[in-house]
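Working notes, structure below.
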Amino acid sequence: MAVNPVSLPDYLRPWHNAGLACLLAEDPVLPSLANPSPVRVETPAARPPRAIPAPRENQAAVINGNAPDGTERKNASLPENAVPQLPPPESWPENWQALFRRTKAAPLVWTYPELGLDLCGGSEESAERSGALKALIAALQLRKGSSAFWPFALPEGGAAADNPAVFQSGLARLDCRAIILFGPDSLARAGFNSLKAMPYQQSVVAGRLVIVLPSFASMLSDAGKKDTALAYLRSALSRLRLN
């Protein structure tokens, strides 16, 4: 009796694989082999064609702030921390223009609330802050010309007046790669309205690294904070290769 291997039970397959092709039986003990049932092959049901997703909006149009149909999309491509349209230098107040003319472009910008007062030759506290900042830069061993000092407030009428739009416009023209800002409370005053950061944190805003340190006043009164800030800056600035 020839055996169809397709219908062969599993317990007989080892014998078939060993070369046994026929069985001789005195009684019809294997009727299922003598009259094998036809093998049923089920054809899987045809799947419906996969729907093609609708094409995405033109990314270039989104980047340009316009929808694909050409209509203007307000702030469509601006990330949360993006800087809005900035005023050109010729529209700045004269005192800001005069200060900017004395400021050289550099990859690293330092700023803090009292910087405008210090740059305008303020008081004894100004000399103390300037000395501490120079010591910090010297300890970092930054190469000459790698640092610029650009304030977000200038003295007006005996008080510091914030001008975040001019500050951000100046940053764009100083071609800096990183900003070191003393005091997290200064973020909104400097125009980083959406940025929430604590001391010793950093974020990238408009392609620039923003490094937040404790306030200058707290660092001047605490030598431990000076050492911590120095160690943090060495690590944070290492990728910029400013040495």
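Source: prediction; values computed, not measured. Both backbone and side-chain heavy atoms feed into the values below; hydrogens, waters and symmetry mates do not.
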Looking at side-chain heavy atoms only, is the closest gap between [X] and [Y] below 4.5 Å?
X	Y	result
Leu117	Ser126	yes
Asn163	Pro93	yes
Pro164	Phe192	no
Leu154	Val166	no
Arg129	Leu220	yes
Phe100	Leu174	yes
Trp96	Pro151	yes
Asn95	Glu156	yes

Return yes if some donor-acceptor pair links the side-chain N/O of [X] with the main-chain N/O of [Y] below 3.5 Å, else return no.
X	Y	value
Ser169	Leu86	no
Arg234	Ala139	yes
Ser235	Ala231	no
Arg177	Leu240	yes
Arg173	Pro88	no

Can you tell me which residue pairs pass the ring-ring contact (aromatic ring centres under 6.0 Å, His included) test with a partner in residues 217-238, sequence neighbours excluded?
Tyr200-Tyr232

Atom [atom1] of [X] and atom [atom2] of [Y]: how far apart are they, to the nearest 0.5 Å?
X	Y	atom1	atom2	result
Ile179	Gln202	CD1	CD	12.0 Å
Phe152	Leu115	CZ	CG	8.5 Å
Phe167	Trp92	CZ	CH2	11.0 Å
Ser146	Gln141	OG	CD	11.5 Å
Tyr112	Leu133	OH	CG	5.5 Å
Leu233	Leu108	CG	CG	8.5 Å

Please give me the minimum heavy-atom distance between [X] and [Y], naming the atom from each residue.
X	Y	result
Gln201	Met198	OE1-N, 2.9 Å
Pro184	Ala197	CB-O, 3.2 Å
Lys225	Ser218	NZ-CB, 3.5 Å
Met219	Ala229	CE-CB, 3.6 Å
Pro199	Pro214	CB-N, 3.8 Å
Ala165	Pro87	O-CD, 3.8 Å

Residue pair Leu119, Thr103: steps toward the side chain to side chain contact (heavy atoms under 4.5 Å, CB included) verdict:
CA-CA 11 Å; Leu119 292 174; Thr103 306; over 6 Å; no

With Leu181, the side-chain contact (heavy atoms from CB on, under 4.5 Å) member among Thr111, Ile211, Leu195, Leu213
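Looking at Thr111, Ile211, Leu195, Leu213, the match for Leu181 under the side-chain contact (heavy atoms from CB on, under 4.5 Å) is Thr111.
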
Just do the side chain to side chain contact (heavy atoms under 4.5 Å, CB included) check on Trp110 and Leu136 with the steps written out, would you?
CA-CA 11 Å; Trp110 302 75; Leu136 183 59; 3.7 Å; yes

Could you go through Leu242 and Arg143, starting from their C-alpha distance and side-chain angles, then the distance that decides it, and tell me whether this counts as side chain to side chain contact (heavy atoms under 4.5 Å, CB included)?
CA-CA 6 Å; Leu242 301 176; Arg143 67 172 180 266; 4.3 Å; yes

Which pairs count as salt bridge (Lys or Arg N to Asp or Glu O under 4.0 Å) when at least one residue sits in residues 87-111, sequence neighbours excluded?
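Applying salt bridge (Lys or Arg N to Asp or Glu O under 4.0 Å) to every pair that reaches into residues 87-111, excluding sequence neighbours, yields Glu94-Arg101.
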
